[in-house]
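A short write-up of the structure that comes next.
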Amino acid sequence: MSLPLDDRVALEALCYRYNVATDERDAEAYVALWLPDGRWDGPLGCYQGHAALRRLIAELAASEAFAGIRHWPNNIVSEGAGDQATMVLDNLLVRATPAGPRLASLSRSEASLVKLDGRWLFSERTIRIAEPVS
Amino acid sequence: MSLTWEDRLEIRELVARYDHAIDSGDAAGWIECFTEDGVWDGGPRVEGRAALLAFARRLPTDPDFAAFRGARHFVTNFLIDGDGDEARLRCDNLLLRPRADGVEALAGADYDDRLRRVDGRWLFASRRTRMVRG
């Protein structure tokens, strides 16, 4: 299924807004990208609904492991029809340290999205960290 | 007729699908990125979907590619030219591998690709890749 160009560009921009809101620990900007019952499922656990998603950003802000992190997205693919879409992308997390930037982790995100009143919003996003190969 | 923005986006998404497939060990998904007579030329030259499928299935245990096991492709610098149903793409890849203590940058690679639109879908007619040497 192929979405119109405007929708695909909007979905890519949504991905960038998500990363910036996360990296800047801007909880209000972050939850504005989600449906009220949106669900995030990732390495920190499962968070559903705006109150829980605000808590996720607060926990990230308090976490030493995520200090100075920036998301570098890549390989974005969006598909869908009408007001429903899916998106798959990779992220490289780069962490600022006193010794310089450090490549911290790689992950793949799979998201479901809904277009509501002309705006695309996340309904679900699942993040899986790439594990080292033994 | 010159390429449209939709064409350019679809070609970028084809690269993303290729990266998702090869990084996940999805041999069947990987060969779907090529035309029936598609060629991958990255040291060995592999031609046609049957040979590509055998190559992709062998890749995880192929000693010649052991150095890249578990790698993820991150891509940038999309230079896309074309006309009608033929296109050429040049892009750069950074091969990254997750480790227990972060992410290792393994290598950089150039891609020189020929693409063909088949039944409305852009596919690789050939991908030629070479490691960037210092």
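Scope of the values below: all heavy atoms of this structure, side chains included, with no hydrogens, waters or symmetry mates. The sequence lines fix the lettering, A, B, ..., with proteins before strands; numbering per chain opens at 1. What you see is a predicted model, and the numbers here were worked out from it, not measured in a lab.
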For B:V103, run the side-chain contact (heavy atoms from CB on, under 4.5 Å) check against A:V94, A:L103, A:L93 and tell me which one passes.
A:L103
Once you round to the nearest 0.5 Å, how far does CD of B:E10 lie from CZ of A:R8?
5.0 Å
Looking at A:N75 and B:H20, would you say the former's side chain and the latter's main chain have a donor-acceptor pair under 3.5 Å?
no
Determine whether a donor-acceptor pair (N or O, by modelled atom type, separation under 3.5 Å) exists between the side chain of B:E6 and the backbone of A:L5.
no
Going only through I, L, V, M, F, W and Y residues with side-chain contacts under 4.5 Å, is there a path from A:L53 to A:I69?
yes
Decide whether A:L60 and A:V31 are clustered together by the hydrophobic rule: side chain heavy atoms of Ile, Leu, Val, Met, Phe, Trp, Tyr closer than 4.5 Å, transitively.
yes
CZ (A:R54) with more than 12 external heavy atoms under 6.0 Å
yes
Between CG of A:N74 and CG of B:L94, what distance do you get to the nearest 0.5 Å?
9.0 Å
4.5 Å side-chain heavy-atom contact, B:R12 and A:I76
no
Is it the backbone or the side chain of A:A104 that comes under 4.5 Å from a heavy atom of chain B, or both, or neither?
backbone
When you look at CZ of A:R70, are more than 12 heavy atoms from neighbouring residues, nucleotides or ligands closer to it than 6.0 Å?
yes
To the nearest 0.5 Å, tell me how far B:L9 CG sits from A:S78 OG.
6.5 Å
Indicate, with yes or no, if A:L3 and A:V9 share a hydrophobic cluster defined by side-chain heavy-atom contacts under 4.5 Å among Ile, Leu, Val, Met, Phe, Trp and Tyr.
no
If two hydrophobic side chains count as joined below 4.5 Å and joins carry through other members, does A:M87 share a cluster with A:V77?
no
OG1/B:T76 to CH2/A:W72 distance, rounded to the nearest 0.5 angstrom?
9.5 Å
Closest heavy-atom pair, A:P132 versus B:R99, reported as atoms and distance to 0.1 Å, is CG-C, 3.5 Å
Is there a continuous path of hydrophobic side-chain contacts, each under 4.5 Å between heavy atoms, that joins B:L95 to B:V15?
yes
Under a 4.5 Å cutoff for heavy-atom pairs, which residue among A:R95, A:R102, A:E131, A:R108 has the most contacts with chain B?
A:R108
Work out which heavy atom in A:N91 is nearest to a heavy atom in B:F74; give both atom names and the distance.
C-CZ, 3.7 Å
Engaged part of A:L92 at the chain B interface, taking heavy atoms whose separation is under 4.5 Å:
both
Under a 4.5 Å heavy-atom cut-off, does chain A meet the side chain of B:R17, its backbone, both or neither?
both
